[in-house]
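Right, one structure below, let's go through it.
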2 protein chains.
Amino acid sequence: MTTVLIVDDQPLQRYGFHLLLDSVPETDVVGEAAHGAEAVRKAAELRPDVVLMDVRMPGMDGIEATRRIVAAGGRSHVLVLTTFDLDEYVHAAIRAGASGFLLKDARPEELLAGIRAVASGDAVIAPALTRRLLDEFAQYVPAHRGDAAEDPRLVSLTDREREILVAVGKGWTNGEIAARFVLSESTVKTHVGRVLAKIGARDRIQAVIFAYDHGLARPNAD
Amino acid sequence: MTTVLIVDDQPLQRYGFHLLLDSVPETDVVGEAAHGAEAVRKAAELRPDVVLMDVRMPGMDGIEATRRIVAAGGRSHVLVLTTFDLDEYVHAAIRAGASGFLLKDARPEELLAGIRAVASGDAVIAPALTRRLLDEFAQYVPAHRGDAAEDPRLVSLTDREREILVAVGKGWTNGEIAARFVLSESTVKTHVGRVLAKIGARDRIQAVIFAYDHGLARPNAD
DNA sequence: GGGCGCGTAGTACCGCGGTACTACGTGGCC
DNA sequence: GGCCACGTAGTACCGCGGTACTACGCGCCC
């Protein structure tokens, strides 16, 4: 049995979803919320398996509510619904930690399949949006393990040197690296020097860029 | 009517798909191929709406075949199928231009829905894979105009300072920036200093990291 | 006019980073 | 045994980077 919390500012919309979910035995609507703040509160209180979240709402919007619900760490998975397939919404929702993104004009069985998938920890995206998402993904993931492994400069690094490069990629100074790795600063300098030579970087700054370009360092926005 | 080309090295597998697709009126299997090269040839010849592509095949694999079919520019959309949900396959397939990625243990209706979506120009991904894809996506597209605009540190930068930060993000030295911007090195230093203070970085290395984290610098693998 | 934000530019100082060495212990391989 | 790769460590030197100032011209607004 999958417990669901319905979040939408329009009562009629909520009613429609409620009817649909009641029509199948596997889902159980445990609550409704009309805006973001109420959604966050009820999600914490009812701990539903799935939160059916509308994006556009007065007050706290669905994105922010999603962020807070996900951040709260419960096991609730958020399935975001919208009438508009704007890229910004999709991006924001993904970054907020949503497990799915469907359009409101989805067929009932699609919605139910989505809820099922999300409840089991998987994720779903409306086919119409997936196309654009894949195009972007192909752009943004240039050299993730694969091309990276083929880069002769990267494979020429020893394990230790790779560790050092990762540390450099975090922005640590030689002194900090020495401290964390329990080494002398001289040793760190030796390693860094060898890394720079091997990857063809003139200074640690280009090493940081190299690390990002080759997936050794990961963006970690704040 | 959706025309389909089935590509798989195992005759039994092809047979199974053929039977399934024949069981519904909307799809029409127009051909079969047992390996990558044959798939590329037949795709060009038969011009199917959808190519049902197995990844693992002797000789030219499904990824390479997908790349060539997509590159050929026909209107065929490739739906990749695999028994293994390895990330590398998914990434490679997406980069190759595949329109979809499903697991072979998908239910028949899922497969048919996938073919339908792909034929109409949309894209589909198996829910089990979407989860990980979204996680990665959230990392790789950190600040696609949105959170970036919300970051007070970023908006506090003047236009000039933002330009300087981008230049720093490229790994340029103060001297290089001065040369390219036609400025004195002193001026560059002044700007860099102000940027560091505003974004809360102690040195240009952390500024580079900041730039990457906030989408001012883009991975540009070689 | 006077303030203010911004871009420009300078001087002086210090320290971290990078280079160019040398050096030694360890483990693996021929 | 001897060689080699690797990780460790040191010294010496120089220069870029960062800081702390000061300064001035320009456009804008009260």
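Just so it is clear: chains get the letters A, B, ... in the order the sequence lines come, proteins before strands, and each one is counted from 1.
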### Message
Quick one: does any side-chain atom of B:Q206 pair with a main-chain N or O of B:D203 as donor and acceptor, under 3.5 Å?
### Response
no
### Message
Closer than 3.5 angstrom, by distance alone: can the side chain of A:T66 be matched with the main-chain N or O of A:A96 as a donor-acceptor pair?
### Response
no
### Query
Within this structure, what is the CG-to-P distance between B:L157 and C:dG7, rounded to whole angstrom?
10 Å
### Query
Checking salt bridge (Lys or Arg N to Asp or Glu O under 4.0 Å) for the pair B:E163/B:K170: CA distance, chi angles, key distance, verdict?
CA-CA 11 Å; B:E163 285 178 352; B:K170 290 185 198 295; over 6 Å; no
Strictly under 3.5 Å: I want the nitrogen or oxygen pairs between protein and nucleotides 3-6 of chain C, one per line.
none

### Message
Does atom CZ (B:R202) have a neighbourhood of more than 12 heavy atoms from anything else shown, all under 6.0 Å?
### Response
yes
### Message
Whether the side chain of A:E64 engages the backbone of A:M60 through a donor-acceptor N/O pair (distance < 3.5 Å, no angle test) should be reported.
### Response
no
#### Entry: Terminal contacting nucleotides, 5' and 3', DNA chain D versus chain A (heavy atom, 4.0 Å)
D:dC6 to D:dT11
### Query
Do we see a donor-acceptor contact under 3.5 Å between the side chains of A:S184 and A:T187?
yes
### Message
Under 4.0 Å, heavy atom to any atom of DNA chain C: which of residues 167-174 of chain A qualify?
### Response
A:T173, A:N174
### Query
Are B:D61 and B:R67 ion-paired here, with the side-chain N under 4.0 Å from a carboxylate O?
no
#### Entry: Parallel, tilted or perpendicular, as decided by the 30° and 60° cut-offs, for the rings of B:Y212 and A:Y212
tilted
### Query
Any side-chain donor paired with an acceptor under 3.5 Å for A:S99 and B:R131?
yes
### Query
How large an angle, rounded to 10°, do the end axes of the helix from C:dG1-D:dC30 to C:dC30-D:dG1 enclose when each is built from five base pairs?
30°
### Task
Tell me which of B:E161 and A:R204 sits closer to the 5' end of DNA chain C, going by the nucleotide each one is nearest to.
B:E161
### Query
Is A:R204 reaching over with its side chain to a backbone N or O of A:W172, donor-acceptor style, under 3.5 angstrom?
yes
### Query
Is the shortest distance from a Lys or Arg side-chain nitrogen in B:K42 or B:E45 to a carboxylate oxygen in the other one below 4.0 Å?
no
### Query
Any sub-3.5 Å donor-acceptor pair from B:D159's side-chain atoms to B:R162's backbone N or O?
no
### Message
Just to be sure I understand the geometry, which residues of residues 182-190 of chain A put a non-hydrogen atom under 4.0 Å away from DNA chain D?
### Response
A:L183, A:S184, A:S186, A:T187, A:T190
### Query
With B:K189, which residues qualify under side chain to side chain contact (heavy atoms under 4.5 Å, CB included), at least two apart?
B:N174
### Query
Within the side chain of B:R68, is there an N or O that forms a donor-acceptor pair under 3.5 Å with the backbone of B:V40?
no
### Query
Would you call B:K104 and B:D54 a salt bridge, using N to O less than 4.0 angstrom?
yes
